[in-house]
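Read the structure below first, then the notes.
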Amino acid sequence: MSSSYVPSPPTEAPVTISRDALRLLALVDVSTAGRRVLDHLLYLSDPDTGTAAISQNEMCAELGASKPTVNRGFKQLRDCGLAWSLKDGLYQLHPLLTDGAISSPVMPIPKIKAAEPEHFTEQRRTRFAAQIANLATTS
């Protein structure tokens, strides 16, 4: 029997991410699935701890994606340092994305692995330029 339960965010307060963090996210090379998982973790994030509570099955239901796709998204986020599992169903987002919020002050924080724009493919370079241009037009 599968559950259709999907957790709600801990608050209705808006999530704000700095322009520097958005620029860095434009440099992190994750798939669309990885970005969708990240966006949903941000939506669910607790503003006091920077954690998000959701199981992989719940994430699959919420995104309408297969378990292998969601697992790949979680793995990409862990590998690039944007989010990692604290325990089953509880994920820590990098404090750069949570205005410094973290669940433990003694927790080691991984370095975010971002690509260097000069090593992008032509298609990725075009997409990056558009992302940066979008940031410039909203300031």
Side-chain angles (χ1 to χ4, degrees):
M1 178 174 173
S2 67
S3 168
S4 60
Y5 169 77
V6 176
S8 298
T11 177
E12 291 301 320
V15 174
T16 56
I17 300 176
S18 71
R19 290 189 179 282
D20 288 338
L22 289 170
R23 186 174 192 285
L24 182 64
L25 285 175
L27 291 170
V28 175
D29 210 7
V30 296
S31 67
T32 302
R35 186 54 198 245
R36 290 180 67 210
V37 169
L38 177 62
D39 290 346
H40 202 65
L41 289 174
L42 285 166
Y43 166 73
L44 293 173
S45 65
D46 182 311
D48 296 325
T49 63
T51 59
I54 187 170
S55 73
Q56 289 186 346
N57 286 337
E58 291 164 345
M59 183 68 79
C60 291
E62 183 66 13
L63 299 181
S66 69
K67 197 165 193 170
T69 298
V70 168
N71 287 344
R72 185 171 53 253
F74 276 118
K75 181 182 182 319
Q76 289 173 348
L77 296 178
R78 182 187 68 238
D79 290 349
C80 71
L82 292 173
W84 55 94
S85 176
L86 297 174
K87 63 181 184 177
D88 282 350
L90 185 64
Y91 299 89
Q92 177 69 58
L93 290 151
H94 195 284
L96 183 67
L97 304 176
T98 62
D99 199 25
I102 191 140
S103 61
S104 170
V106 296
M107 175 183 296
I109 306 301
K111 181 179 178 189
I112 295 175
K113 297 176 184 95
E116 297 295 329
E118 58 270 10
H119 298 294
F120 286 168
T121 63
E122 188 58 38
Q123 179 182 18
R124 180 69 175 96
R125 199 175 353 268
T126 301
R127 188 174 70 192
F128 174 70
Q131 289 169 317
I132 297 303
N134 285 339
L135 288 175
T137 61
T138 59
S139 38

Quick check: closest heavy atoms across His94 and Pro110, and the distance to 0.1 Å?
NE2-O, 3.0 Å
Tell me if a side-chain donor or acceptor on Gln76 pairs with a main-chain N or O of Ser31 at a distance below 3.5 Å.
yes
Heavy-atom closest pair (Arg36 atom, Leu63 atom, distance to 0.1 Å) is NH2-O, 2.6 Å
Can you name the nearest heavy-atom pair linking Thr49 to Gln92, along with the distance?
O-NE2, 3.2 Å
Asp39 atom CG, neighbour heavy-atom count above 12 within 6.0 Å
yes
Counting N and O atoms only, with roles assigned by atom type, does the side chain of Gln56 sit under 3.5 Å from a partner on the main chain of Val70, one being a donor and the other an acceptor?
no
Are Leu38 and Arg35 side-chain neighbours, meaning at least one heavy-atom pair lies under 4.5 Å?
yes
Nearest heavy-atom pair of Pro95 and Trp84: which atoms, and what distance?
CD-CH2, 4.4 Å
How far apart are the closest heavy atoms of Ala101 and Pro47, and which atoms are they?
CB-O, 3.4 Å
Distance (rounded to the nearest 0.5 Å) between Thr98 OG1 and Leu41 CG
12.0 Å
What distance do Leu90 atom CG and Ser103 atom OG have between them, rounded to the nearest 0.5 Å?
7.0 Å
Could you work out, with side chain to side chain contact (heavy atoms under 4.5 Å, CB included) as the rule, every residue matching Ala21, not counting sequence neighbours?
Ile17, Ser18, Leu96, Leu97
Nearest 0.5 angstrom please: Glu62 CD to Ser55 OG, how far?
11.0 Å
Distance, nearest 0.5 Å, that separates CG of Leu77 from OG of Ser85
12.0 Å
Report yes if some heavy atom in the side chain of Lys113 is under 4.5 Å from a heavy atom in the side chain of Val28; otherwise report no.
no
Between Leu93 and Ala83, the two heavy atoms sitting closest are CD2-CB, 4.1 Å
